[in-house]
Colleague: 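What follows is a structure written as structure tokens; I'll ask about it next.
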Amino acid sequence: MMQLDALVLYNRSGEERVIRFNPGKLNIISGESGTGKTSIINILRFLLGGDSPHAAIGPISKTVHWYGLLAHVNETSFYIARPAPNHGSTTSLAVLLVGEDSIPDMSTLSVNANAADVIEYIGGLIGIGDNLNVPADGQTRLPLAANLRHSLYYCFQGQGEIANPDILFHHQNRDFQKQAIRDSLPYFLGAQGLDAMRKREELTALRRDIRSRSIKIGTARAALTLGVGRAAGLISEARSCGLLDVTDAPTASDEAMDLLRRILISPSSTEVDFGEFDETEQLVRRKRDLRNQIRELNDNLRGLDNFANVGRDYNQELNEHRVRLASIGLIPDREVENPSCPLCRNSIAAIPEHDAIARNLGRVEHRLELAQRDQPRIEQARSGLIAQREKLRADLSDADEALDSLARTDEARLAERGEWEQQSFVKGKISQYLATANVDGDDTIDLMERELTELQRWAEDLADELDPETLRSTVASLLAAVARNMTSMAQTLQLEHSQHGVRIDPQRLTVVADTPQGPAYMDAGEIGSGMSWVGYHLVAYLALHDFFITNRRPVPGFIVIDQPSQAFFPRDRETGGDLSELTDTDRDNTRMLYKLMYDAVQAQGGRLQIIAFDHADFTDDWFHDSVVETWRSGEALIPRKCINAARKID
């Protein structure tokens, strides 16, 4: 069992504040309010894998540089030290010294681990094995594996928890912690362990195998039932494309499969190679060239026609000018000697413009002669172009006829190629079918179904063992033993409704008394008085630890309780807390609580350690022997002299 030996606080100078605890006994730190008792739980949680000691701004945050914890599990001692993080910060750094049974100097501390290492090491040391709580089908939360931090739910009762009727376990009211307690409690009780995880993994593998076998059997049964029908379509296709004779007709599934295998190895039609026949492509190129040549000849003919039309139009224009000049006598008859102007009757030769007109007329006549001379050449060139065009048109017609002939030939080739492709396609379908078809007979399928039935029966048995209802029933049965011990201790304290029997509700995580009127839940206000609230928290923890110890469950063997007497003081009280201010009844109740703790520790014979912080200071020998420190008159978690020394350094 894990128990605590000493809590150590180091200041910046390396000086140590050591609080020693007695293993297997009741340890009481008695003192005034404001002396730091409440901070110890947060410091211990930090040393056991937390991310921060959550030290308030004040003496602790100003003086503590390192925190240390000396502890042991059975015969194995270890020392954990962690540097104090800055206010508001967290850290995962840690020092883990295995086998250390004394407090080391701060100068020798060197980080060699982190918080996760601390959790894993101590968890393994106290016996937390592989475990996994898998939520029921339909629930969305992730599976949870219990570790050391989950076991601490049952080791601490803070100042705001011990007398709080709304919560039972440590940190129960924080985000997601309530469900984590529900999921981890079955493991710590022993209702769900390594064997359950092994069975769950086995069930997962079984279900995977069952699904695979079911699919295989379904395929085999379908193939056997359909028989020839499944292969009939492929056989029909093979017959239609020439791979099979019309007379071939199987009557059984095995005959159909054999026939399909023969079809697969039978020869197909010879493939037609279209790569050797390039005449079509050549003729197409020939037609394209011929059309281009004809188009070019047509352009040349249009050019000649335009040139000839221009010459004719020019001759016509020149003749019109001659006719107009001749009509007014400006062009005299060549046979008339010394012709006269028809207007002025003067000699034309005497007119100054006569020579210019004569020169122009001469040029016109020369041009007419040239135009008449070019006309035969134009006609000759035009005739030659027309002859070339006709020849090209004849060649184009021959190419068209050749293409038509080739097209008729290619249709036959395409038909041959189509038959070859169709046969290849059908063979591919047959090959795929034969690769996936199951041809197992009735005997084989019956054997497969018997094996599947055995696997299903095995999976059902495992599922029943892992059924959430079965788990809840097991948890309820184990908690019944805890309830008997709770009831006995509650009756010793004379707690409300204890005469009817009390127990822990694992779903509501509260104490419930089974009264004649029905269940009375503490978190519903149906169990009243501060004494009952503190008492039921205490008896629940003591009964649980008795169960954990008796059944060797992996939970640390210590309980840390902060101020169980607070339920007897006014809630609005800010300072003080001296028991002399209480009534005799409340003092007697407080003494009974501590006597119950003392007797429970004694009954365990060293297997349980309780550490309690309180204002209480009774004169009883058993109480006096249990006090490890008294914090009054300047003594505290951080003594006044240490605070004054820190102020001088600042």
Side-chain angles (χ1 to χ4, degrees), residues 1-4 21-28 41 151-159 161-165 167-170 172 181 185 188-190 478-499 501-506 509-513 522 527 530-567 589-614 616 622-623 626:
M1 302 301 294
M2 176 182 173
Q3 295 185 358
L4 310 182
F21 304 113
N22 298 314
K25 294 185 177 181
L26 173 62
N27 296 259
I28 301 173
I41 288 181
S151 71
L152 299 181
Y153 291 132
Y154 318 104
C155 296
F156 295 108
Q157 278 284 289
Q159 183 177 3
E161 297 167 339
I162 185 68
N164 189 338
I167 61 177
L168 178 59
F169 296 108
H170 181 55
Q172 177 179 325
I181 296 172
L185 180 59
F188 291 114
L189 288 172
L478 295 175
L479 285 177
V482 177
R484 288 191 291 272
N485 202 354
M486 283 180 60
T487 300
S488 176
M489 288 186 285
Q491 290 173 351
T492 299
L493 296 176
Q494 299 180 356
L495 302 181
E496 186 175 2
H497 301 308
S498 60
Q499 69 274 22
V502 292
R503 54 187 170 85
I504 295 173
D505 188 313
L509 301 182
T510 191
V511 172
V512 54
M522 186 171 68
I527 297 177
M531 176 60 181
S532 292
W533 298 338
V534 175
Y536 277 124
H537 279 80
L538 183 59
V539 300
Y541 268 53
L542 292 176
L544 279 172
H545 272 266
D546 179 74
F547 181 90
F548 294 150
I549 293 169
T550 302
N551 293 278
R552 301 181 180 276
R553 298 308 302 156
V555 177
F558 65 83
I559 304 174
V560 183
I561 301 175
D562 188 9
Q563 299 187 32
S565 68
Q566 65 180 293
N589 286 337
T590 303
R591 183 183 287 103
M592 280 196 299
L593 293 174
Y594 276 98
K595 189 62 167 67
L596 179 66
M597 287 187 271
Y598 180 82
D599 291 341
V601 169
Q602 293 298 110
Q604 292 296 341
R607 296 180 296 177
L608 177 64
Q609 177 188 43
I610 297 179
I611 301 172
F613 321 125
D614 212 324
W622 60 266
F623 188 92
S626 300

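Numbers for residues simply follow the sequence, beginning at 1. Values below: all heavy atoms of this structure, side chains included; hydrogens, waters and symmetry mates excluded. Computed from a predicted structure; not experimentally measured.
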Colleague: Would you say that more than 12 heavy atoms from the other residues, nucleotides or ligands in this model lie under 6.0 Å from the CD of Gln494, or not?
Modeller: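 12 or below, so no.
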
Colleague: So, do Phe548 and Leu189 sit near enough that their side-chain heavy atoms are less than 4.5 Å apart?
Modeller: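 Yes, side chains in contact.
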
Colleague: Can you name the nearest heavy-atom pair linking Glu161 to His537, along with the distance?
Modeller: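 Minimum heavy-atom contact is O-NE2, 3.0 Å.
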
Colleague: Using the salt bridge (charged side-chain N to carboxylate O under 4.0 Å, His left out) criterion, which residues pair with Asp599? Sequence neighbours excluded.
Modeller: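 With sequence neighbours excluded, Asp599 shows a salt bridge (charged side-chain N to carboxylate O under 4.0 Å, His left out) to Lys595, given in chain and number order.
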
Colleague: Just how far is it from atom CD1 of Ile559 to atom CD1 of Ile610, taken to the nearest 0.5 Å?
Modeller: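 It comes to 5.0 Å.
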
Colleague: Walk me through it: do Tyr153 and Gln172 pass the test side-chain contact (heavy atoms from CB on, under 4.5 Å)?
Modeller: CA-CA 8 Å; Tyr153 291 132; Gln172 177 179 325; over 6 Å; no

Colleague: Would a 4.5 Å heavy-atom cut-off, applied to side chains only, mark Asp562 and Ile162 as touching?
Modeller: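 No, their side chains stay 4.5 Å or more apart.
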
Colleague: In this structure, which one of Val502, Val482, Leu495 forms a side chain to side chain contact (heavy atoms under 4.5 Å, CB included) with Thr487?
Modeller: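 The side chain to side chain contact (heavy atoms under 4.5 Å, CB included) with Thr487 is passed solely by Val502 among Val502, Val482, Leu495.
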
Colleague: Does any non-hydrogen side-chain atom of Phe613 lie less than 4.5 Å from one of Val560?
Modeller: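 The answer is yes; the side chains approach within 4.5 Å.
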
Colleague: Could you walk me through whether Arg503 and Met486 satisfy the side-chain contact (heavy atoms from CB on, under 4.5 Å) test, starting with their C-alpha distance in whole Å, then the side-chain angles of each, then the deciding distance to 0.1 Å, before giving a yes or no?
Modeller: CA-CA 7 Å; Arg503 54 187 170 85; Met486 283 180 60; 5.6 Å; no

Colleague: Hey, is the main chain of Phe156 close enough, under 3.5 Å, to the side chain of Tyr541 for a donor-acceptor pair?
Modeller: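 Present.
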
Colleague: Given the rule in the side-chain contact (heavy atoms from CB on, under 4.5 Å) test, do Gln604 and Asp546 qualify, once you have shown the distances and angles that lead to the verdict?
Modeller: CA-CA 8 Å; Gln604 292 296 341; Asp546 179 74; 2.7 Å; yes

Colleague: Of all the heavy-atom pairs spanning Pro564 and Asp614, show the shortest one and how long it is.
Modeller: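 Here Pro564 and Asp614 meet closest at CD-OD2, 3.1 Å.
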
Colleague: Would you say His545 and Val555 make side-chain contact, with heavy atoms under 4.5 Å?
Modeller: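 A side-chain contact under 4.5 Å exists here.
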
Colleague: For Leu538, what residues pass the side-chain contact (heavy atoms from CB on, under 4.5 Å) criterion, not counting sequence neighbours?
Modeller: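 Applying side-chain contact (heavy atoms from CB on, under 4.5 Å) to Leu538 gives Leu542, Ile561, Leu593, Leu596, Met597.
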
Colleague: Working to the nearest 0.5 angstrom, can you tell me the gap between Leu493 CG and Met531 CE?
Modeller: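 Atom-to-atom, Leu493:CG and Met531:CE are 4.5 Å apart.
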
Colleague: Judged by atom type as modelled, is there a donor-acceptor pair below 3.5 Å linking the side chain of Thr492 to the main-chain atoms of Ser488?
Modeller: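 Judged by distance alone, yes, a pair lies under 3.5 Å.
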
Colleague: Taking all non-hydrogen atoms of both residues into account, name the closest pair between Gly24 and Gln3 and its distance.
Modeller: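 It is N-OE1, 2.6 Å.
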
Colleague: How long is the span from the CD atom in Gln159 to the CD atom in Gln563, to the nearest 0.5 Å?
Modeller: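 The CD atom of Gln563 is 4.0 Å from CD of Gln159, to the nearest 0.5 Å.
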
Colleague: For Phe623, what residues pass the ring pair (Phe, Tyr, Trp, His ring centres under 6.0 Å) criterion, not counting sequence neighbours?
Modeller: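 Partners of Phe623 by the ring pair (Phe, Tyr, Trp, His ring centres under 6.0 Å) criterion, ordered by chain and then number, come out as Tyr594, Phe618.
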
Colleague: Who are the ring pair (Phe, Tyr, Trp, His ring centres under 6.0 Å) partners of Phe188, not counting sequence neighbours?
Modeller: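 Ring pair (Phe, Tyr, Trp, His ring centres under 6.0 Å) check on Phe188 returns Tyr154.
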
Colleague: Taking atom CG of Asn485 and atom OG1 of Thr550, what is their separation to the nearest 0.5 Å?
Modeller: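 It comes to 8.5 Å.
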
Colleague: Looking at every heavy atom in both Thr510 and Pro165, which two are closest together, and how far apart are they?
Modeller: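 The answer is OG1-O, 4.3 Å.
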
Colleague: To the nearest 0.5 Å, tell me how far Leu185 CG sits from Ile504 CD1.
Modeller: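 Answer rounded to 0.5 Å: 7.5 Å.
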
Colleague: With sequence neighbours left out, what residues match Arg591 under salt bridge (charged side-chain N to carboxylate O under 4.0 Å, His left out)?
Modeller: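 Arg591 satisfies salt bridge (charged side-chain N to carboxylate O under 4.0 Å, His left out) with Asp588, Asp620 once adjacent residues are dropped.
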
Colleague: Is there a donor-acceptor pair closer than 3.5 Å between any side-chain N or O of Tyr536 and the backbone N or O of Glu496?
Modeller: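 At least one qualifying donor-acceptor pair exists.
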
Colleague: Would you say the side chain of Pro554 lies within less than 4.5 Å of the side chain of Ser151, judging by non-hydrogen atoms?
Modeller: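 When only atoms from C-beta onward are counted, Pro554 and Ser151 do not touch, as no gap falls below 4.5 Å.
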
Colleague: Run the ring pair (Phe, Tyr, Trp, His ring centres under 6.0 Å) test against His497 and tell me which residues pass, sequence neighbours left out.
Modeller: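 Testing His497 for ring pair (Phe, Tyr, Trp, His ring centres under 6.0 Å), a comparison that skips the adjacent residues, returns none.
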
Colleague: Give me the atom names and distance for the closest heavy-atom approach of Gln157 to His170.
Modeller: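 Shortest heavy-atom separation between Gln157 and His170 comes out as NE2-N, 3.9 Å.
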
Colleague: Could you pull out the closest heavy-atom pair between Gln609 and Asn27, with the gap in Å?
Modeller: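 Heavy atoms only, the tightest pair is CG-ND2, 3.7 Å.
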
Colleague: Do Ile611 and Phe558 come close enough that some side-chain heavy atom pair is under 4.5 Å?
Modeller: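 Counting from C-beta outward, Ile611 and Phe558 never come under 4.5 Å.
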
